[in-house]
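Remember, predicted model here, so these are calculated numbers, not experimental data. Note on naming: letters A, B, ... go to the chains in the order of the sequence lines (proteins, then strands), and numbering restarts at 1 for each one.
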2 protein chains.
Amino acid sequence: MARLPVYLRALNSLLESEIRSCSSEELATAAGVNSAKLRKDLSHLGSYGTRGVGYDVEYLRYQISREIGLTQDWPVVIVGIGNLGHALANYSGFTSRGFRTVALLDADATRHGELVAGLKIRGFHELSAIVHEHGVAIGVIATPAAAAQSVCDEMVAAGIRSVLNFAPMVLSVPEGVDVRMVDLSSELQILAYHEQRKAPLHPEAAPTGTAGVA
Amino acid sequence: MARLPVYLRALNSLLESEIRSCSSEELATAAGVNSAKLRKDLSHLGSYGTRGVGYDVEYLRYQISREIGLTQDWPVVIVGIGNLGHALANYSGFTSRGFRTVALLDADATRHGELVAGLKIRGFHELSAIVHEHGVAIGVIATPAAAAQSVCDEMVAAGIRSVLNFAPMVLSVPEGVDVRMVDLSSELQILAYHEQRKAPLHPEAAPTGTAGVA
DNA sequence: AAGAGTTTGTGAACGCGGGAACAAACCGAG
DNA sequence: CTCGGTTTGTTCCCGCGTTCACAAACTCTT
C-alpha cells in the first residue's frame with residue numbers, strides 16, 4: 001500500500017514525542033486518514049494491535065518497516081548529477097533508514113571525480129559493474145528528458161528492476177520492472193487547475209482578515 | 001483531473017514530431033492509458049474531436065492548456081533555497097509555460113542577495129509583500145520538515161491558497177487551501193516494497209541473459 | 001449520392017476502495 | 001469472578017472510476 005510510508009512517518013513522529021502507545025484514532029489523525037481505513041490497512045499486515053488498548057508504537061513501527069522492506073539494505077544509484085541529482089544525493093530521506101546511495105553517475109566527463117555528498121561522480125559506463133558489485137536493485141533517473149529512456153534501458157539491462165524517474169517523460173520498460181514517476185511540473189499544473197477553479201469563488205475575501213488584496 | 005498534464009505532455013511530444021492529428025488510440029498509447037478513459041476525460045472538457053478523423057493535436061493542446069489554466073500567468077514563490085530549492089529554481093518545468101518564479105526566499109540571512117537562477121535570494125519576512133505585489137497564489141516549500149508548518153502558515157496568512165510541499169511532513173491548512181505533497185522518501189519506500197515482493201520470484205534469473213549474478 | 005470504413009462520444013456493467021457500523025477481545029474496578 | 005468501558009478487526013454497503021460495447025457522425029470511394 002502507498003499509505004504505509006505515511007503511517008511510518010507518523011509513528012516516527014510519535015516516537016520522537018516519547019509516546020509509546022496509541023489508538024488507531026490518534027495515529028489516523030496524525031497520518032491524516034480515516035481511522036477505519038487505517039485499521040483495515042494494518043489488519044492486512046497482521047494483528048499487531050491489542051483490543052481495548054491500541055498499538056504499541058515501537059512494535060508497529062518495526063512491523064511496518066519490515067513489511068515495506070526497510071529492515072534490509074537497499075543500495076541505490078543516482079544517474080544525472082545536475083541540480084536535481086545533486087539535491088537528491090544530499091537529501092536525508094535517501095541516505096537514511098534502509099537506503100544507501102552507492103554511486104553517482106553522470107555522462108558529462110568533465111564532472112567525473114567531483115565530490116558530492118561524500119561520493120565521487122563516476123562515468124555512466126560504470127553502471128553495470130556497480131550494479132553487479134553492490135547488488136543494486138533501485139535506480140534514480142535525474143537526467144534531462146531526452147536521455148531518460150536510454151538511461152532507463154541501460155539500467156534494466158544491468159539488472160535494475162525498480163526505477164524512480166524525475167525526468168518529465170513516460171518511460172517504457174519490460175514486464176517485471178517498476179517505474180515510479182515524480183513529475184514536478186505536473187504537480188504545479190494540478191495546483192493551477194484547482195486554483196483556477198476556486199479563484200472566482202472568493203472574489204475579494206481575505207482569509208485571515210488582516211490584510212486586504214491591495 | 002490529474003491526468004490532464006500527462007495528456008498535455010503527450011500532445012507536446014507529438015507536436016515535436018510534427019504530428020498534426022491523432023486518434024484517441026494513439027494519444028492513449030503515448031500517455032500510457034486506456035483509450036476509452038482518455039476519450040471520456042476529454043469529453044468532460046467538450047467535444048474537441050472529429051468522429052472518423054481524430055483530434056487536432058495543436059487545437060486539443062490549447063484546449064487542455066486552457067482547462068488546466070496554463071494560458072494565464074502563475075507567479076510562484078519558492079521558500080527554502082537549500083539543495084532542493086536550488087534545483088527547483090533551475091528546473092525548466094517550473095519556469096516554463098504559465099509558471100513564473102518571482103521570488104526565492106530563505107530564512108538564512110547569510111544567503112540573502114545570492115543569485116540563483118537569475119533571482120536574488122530574499123528574506124522570508126518579505127513573503128507577504130511579494131505575494132501581494134505579484135498576486136502570487138502558489139507557494140513551494142522546500143525547507144526542512146521542522147520549518148515547513150510555520151512557513152505554510154505564513155503563506156496562508158499572506159493569501160496563498162495552493163502549496164506544493166517537498167518537506168517530509170503532513171501540513172495542516174484551513175479549508176479552501178490545497179496542499180500537494182511530493183515525498184521523495186515515500187516514493188523510494190514504495191519501490192522497495194514492490195522490490196521486496198518480487199525478489200524471491202526471480203531467484204537467479206538474469207533478465208538479459210548476458211551477465212550472471214556473480 | 002450512397003455505402004463502407006473509421007473514430008468519437010456515451011450508456012451500462014463491473015470491480016474496487018472507502019466509510020460506517022458491529023461483534024470480538026482486552027483491561028480494570030468492585 | 002463479573003461487569004462496564006474501550007478499542008481492534010471485520011463485515012456490509014455505497015459510490016466512484018474504469019472498461020466494454022455500441023450508436024452517432026464523419027470521410028472517402030465508387
Side-chain angles (χ1 to χ4, degrees), chain A residues 1-8 10-11 14-15 19-64 66-68 170 180-181 186 190 193-194 197, chain B residues 1-8 10-11 14 19-64 66-68 170 175 178-181 186 190 193-194 197:
Chain A
M1 290 277 177
R3 283 187 296 271
L4 255 33
V6 180
Y7 300 157
L8 190 59
L11 287 170
L14 289 177
L15 216 54
I19 297 172
R20 302 306 212 87
S21 167
C22 71
S23 69
S24 65
E25 203 74 48
E26 300 171 70
L27 185 55
T29 304
V33 299
N34 184 293
S35 66
K37 183 165 25 175
L38 180 133
R39 287 200 301 276
K40 189 176 289 188
D41 286 345
L42 294 186
S43 73
H44 287 326
L45 317 185
S47 278
Y48 297 136
T50 310
R51 303 182 183 209
V53 180
Y55 299 94
D56 181 273
V57 175
E58 177 79 44
Y59 181 59
L60 184 57
R61 189 178 73 99
Y62 172 75
Q63 292 300 340
I64 292 182
R66 196 174 51 79
E67 184 74 13
I68 293 178
V170 178
R180 284 196 70 86
M181 177 144 176
S186 283
I190 292 167
Y193 175 84
H194 293 300
R197 229 126 287 243
Chain B
M1 292 280 175
R3 282 187 297 271
L4 255 33
V6 180
Y7 301 158
L8 190 58
L11 287 170
L14 289 178
I19 296 172
R20 302 306 212 85
S21 168
C22 70
S23 69
S24 65
E25 203 73 47
E26 298 172 70
L27 186 53
T29 304
V33 299
N34 185 295
S35 66
K37 179 161 37 173
L38 180 134
R39 286 200 301 276
K40 185 161 285 189
D41 286 345
L42 295 186
S43 73
H44 287 326
L45 316 185
S47 278
Y48 297 136
T50 309
R51 302 181 184 211
V53 179
Y55 299 93
D56 182 274
V57 176
E58 176 79 45
Y59 181 59
L60 184 57
R61 188 177 74 100
Y62 173 75
Q63 292 299 341
I64 292 182
R66 196 173 51 78
E67 183 74 11
I68 293 179
V170 178
E175 187 94 11
D178 280 338
V179 175
R180 285 195 71 84
M181 178 146 175
S186 283
I190 293 168
Y193 175 84
H194 293 300
R197 230 125 287 243

Greater than 12 external heavy atoms within 6.0 Å of B:Arg20's CZ: no

Less than 4.5 Å apart, any side-chain heavy atom of B:Val6 and any of B:Val33? no

Go through DNA chain D in 5' to 3' direction and return only the first and the last nucleotide with some atom under 4.0 Å of chain B's heavy atoms. D:dT18 to D:dT27

Candidate pair A:Arg180 and B:Ile190, rule side-chain contact (heavy atoms from CB on, under 4.5 Å), full reasoning: CA-CA 9 Å; A:Arg180 284 196 70 86; B:Ile190 293 168; 3.5 Å; yes

Does the distance from a Lys or Arg side-chain N to an Asp or Glu carboxylate O, for B:Arg39 and B:Glu25, drop under 4.0 Å? no

If the condition is ring-ring contact (aromatic ring centres under 6.0 Å, His included), which residues does B:Tyr62 pass it with, not counting sequence neighbours? none

Can you tell me which residue pairs pass the ring pair (Phe, Tyr, Trp, His ring centres under 6.0 Å) test with a partner in residues 26-57 of chain A, sequence neighbours excluded? A:Tyr48-A:Tyr59

Do A:Leu4 and A:Glu67 make a side-chain contact, defined as non-hydrogen atoms from C-beta onward lying under 4.5 Å apart? yes

A:Arg61 versus A:Leu15: any side-chain heavy-atom pair under 4.5 Å? yes

With DNA chain D as reference, determine whether A:Gly54 or A:Lys40 sits nearer its 5' end, using the nearest nucleotide of each. A:Gly54

For DNA chain D, determine which residues of residues 19-26 of chain A have any heavy atom closer than 4.0 angstrom to one of its atoms, and list them numerically. A:Ser23, A:Ser24

Do B:Ile64 and B:Leu42 have side chains that get closer than 4.5 Å, going by heavy atoms? yes

Can you measure A:Met1 atom CE to C:dG17 atom P for me and round it to whole angstrom units? 6 Å

Whole-Å distance separating the CG atom of B:Leu45 from the P atom of C:dT10: 12 Å

Distances for protein N/O vs nucleotides 27-30 of chain C N/O pairs under 3.5 angstrom?
none

Are any of B:Tyr48's side-chain N or O atoms less than 4.0 Å away from OP1 or OP2 of C:dT7? no

Please work out which residues in residues 30-39 of chain A have a non-hydrogen atom less than 4.0 Å from an atom of DNA chain C and list them by number. A:Asn34, A:Ala36, A:Lys37, A:Arg39

